[in-house]
Each structure stands twice: as structure tokens, then as C-alpha cells.
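By convention in this document, chain letters (A, B, ...) are assigned in the order of the sequence lines, proteins followed by strands, and residues within each chain are numbered from 1.
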Protein chains: 2
Amino acid sequence: MGATKTEHFTDKQNQIATLIKALGHPARIAIIEYLMKVDDCICGDIVNELPLAQPTVSQHLKELKNAGLIKGSIEGNAICYCIDEKAIEKLQNYFGNISTKLSNKKNNCC
Amino acid sequence: MGATKTEHFTDKQNQIATLIKALGHPARIAIIEYLMKVDDCICGDIVNELPLAQPTVSQHLKELKNAGLIKGSIEGNAICYCIDEKAIEKLQNYFGNISTKLSNKKNNCC
DNA sequence: ATTTAATATTGCAATATTACGATAAACTAT
DNA sequence: ATAGTTTATCGTAATATTGCAATATTAAAT
């Protein structure tokens, strides 16, 4: 096999899994952290900041964009990227909810 | 290729990416949500709850355990699983930090 | 000791991901 | 128009992931 059986899970589960999966790679973490560090949107520069070839970086950017984690807008012959806060909020809420529910638990086993 | 070039990234980046990646699959999301729903630790039962064969579920549980997202303790001839709150907290903090930093931004481009 | 039940491991096929060289596309500047 | 710059796409090799049947392991129950 090798293909995830998405049809057996709920849409919500598949959606959050896709969003989370998009961040499950150090290069994509590094991209997000760089966009955060520069404290502004960045046109160009990302390729030079990462230890990977340009096509590889482009591919990672595409995945982040498809997942909705970053936005890109054309700025001359460069492209300007920045983090999409909504996606980060979704993730924060998701884990926040789990945390909250866990603290209301009995949890007398493990 | 096909192998992630972890050596080029920081330990922190690799660690958080590994943790996040472990949740980037709908079956593993479903497992976490089930453990949450039952509001207690669960001995057995997980295989019956998921639409996947037993060896597949076992493999997903192993990945969650390796990543530190769940804990398992032997309880007779069953195994009792529950969520490890520390891992969830890590994730919550990680995304919380990003959110906080983003709200302090100028963000006048995208 | 044998049987039953629950979980893990092995082996393997199908598919996905990662990475990059080569090339294309899109825009700027001269 | 031509040359330079930036980003995207294509093609492809290497590796990883997913899923399951078959089998092994472990502990309980008879």
C-alpha cells in the first residue's frame, strides 16, 4: 500500500491531519521560523536562508501554501511570503482544546 | 533521494518536526481523539474503534509512543494507553508562541 | 499443559515523499 | 530585443510511509 485510507476518517480528522502533516518536516519548520524571525513578510531570501537547493525549497513552499500555512503575493519578479495566522490559530486551538479536556480528566491509570 | 536532510537543521527544529509529523496522519489523529473522548485510559478497544487492520493500528500506536504522544502500560494481557500531556503542552506552547509573535508584527505586506 | 485473547513483529507490495539537475516561465533592467 | 533575476515545473532516483496477511509473543483462563 502506501496510500492513506482517508475515506474511513471524518473530514475534520483528515483536514487537521493534513494541516499538521504540512508542518511535519524540519525544512518547513525552518521556513515558518524564518518568516517569524524577520518580523515582516519576505520577498526572496528564503532560498538563501535554507540549506537546500532552490527547487526543493520551492516545493516545500508550495506545500505550506497548499496547506494554508503561508500566503504568497507577487511583488515584481520576486514573491512575498508570510505566515497565515488563521492556520496557526487553528493549530493552537486544536491543541488548546486537547489540553483543556485532559486537565478535566480523572487520569488514574497511566 | 527521499531522505530528509536533518543534519542541516537545528536539533530543536528536528525535534518539533518529528513530534508534529507523528500527528500528521488521520489514523493517529483518530487515536488521540478517541483517547480524549473516553475520558480515561483505555485498555484494549482501540483496534475495534479504528477502521484499520490490527497490525496497522499497532504500528500507528508505536509511532505515537515513540514520539512521546501517548504512554502505554501493561495491564494483564491488554495494554493501557493514554495521552501524554507533556507532548500536547509542547505543541500548544509552540503554536502559542508563534501566535503571540505574529500579533506583535507590522504585517503590512500580505 | 492447552486454549484463548490481545498486542507486536516480520515481510512485502503499493504509494508517497524528499531532493535535485535541467529547464521553463515571468518579470526587470539595460 | 537581450540579458539577468527569481521562482516554478518536470523528470527521476533514493528513501519513507502505509497497510495488511502471516506469524510470533505474552499473559490469562480453563
Checklist entry - Heavy atoms, side chains only, cut-off 4.5 Å: are A:Ile20 and A:Phe95 in contact? => result yes
Checklist entry - Would you say A:Leu35 and A:Ile46 make side-chain contact, with heavy atoms under 4.5 Å? => result yes
Next on the checklist: Tell me the interatomic distance from B:Tyr81, atom OH, to C:dT7, atom C1', rounded to whole angstroms.
Outcome noted: 7 Å
Checklist entry - Are side-chain N/O atoms of A:Gln13 and B:Glu33 paired as donor and acceptor at under 3.5 Å? => result yes
Next on the checklist: Test side chain to side chain contact (heavy atoms under 4.5 Å, CB included) on B:Ile16 and A:Ile29; report intermediate values, then the result.
Outcome noted: CA-CA 8 Å; B:Ile16 193 78; A:Ile29 289 285; 3.9 Å; yes
Next on the checklist: Would B:Ile88 and B:Ile83 count as a side chain to side chain contact (heavy atoms under 4.5 Å, CB included) here? Give the steps.
Outcome noted: CA-CA 8 Å; B:Ile88 301 293; B:Ile83 299 175; 3.7 Å; yes
Item to check | Rounded interatomic separation in angstrom, taking CG from B:Leu61 and P from C:dA6 | outcome: 15 Å
Checklist entry - How close or far is atom C1' of D:dT18 from atom CG of B:Leu23, stated in whole angstroms? => result 17 Å
Next on the checklist: Check this one for me: any side-chain N or O of A:Lys62 less than 4.0 Å away from OP1 or OP2 of D:dT9?
Outcome noted: yes
Checklist outcome for this item: 5' to 3', nucleotides 15-21 of chain C under a 4.0 Å protein heavy-atom cut-off (B base, S sugar-phosphate only, - none) gives BSBBBBB
Checklist entry - Tell me: CG of A:Leu50 to P of D:dT6, nearest whole Å? => result 16 Å
Checklist entry - Which whole-number value in Å describes the distance from B:Ile74 CD1 to C:dT7 P? => result 11 Å
Checklist entry - Quick one: does B:Leu52's side chain get under 4.5 Å of A:Phe9's, heavy atoms only? => result yes
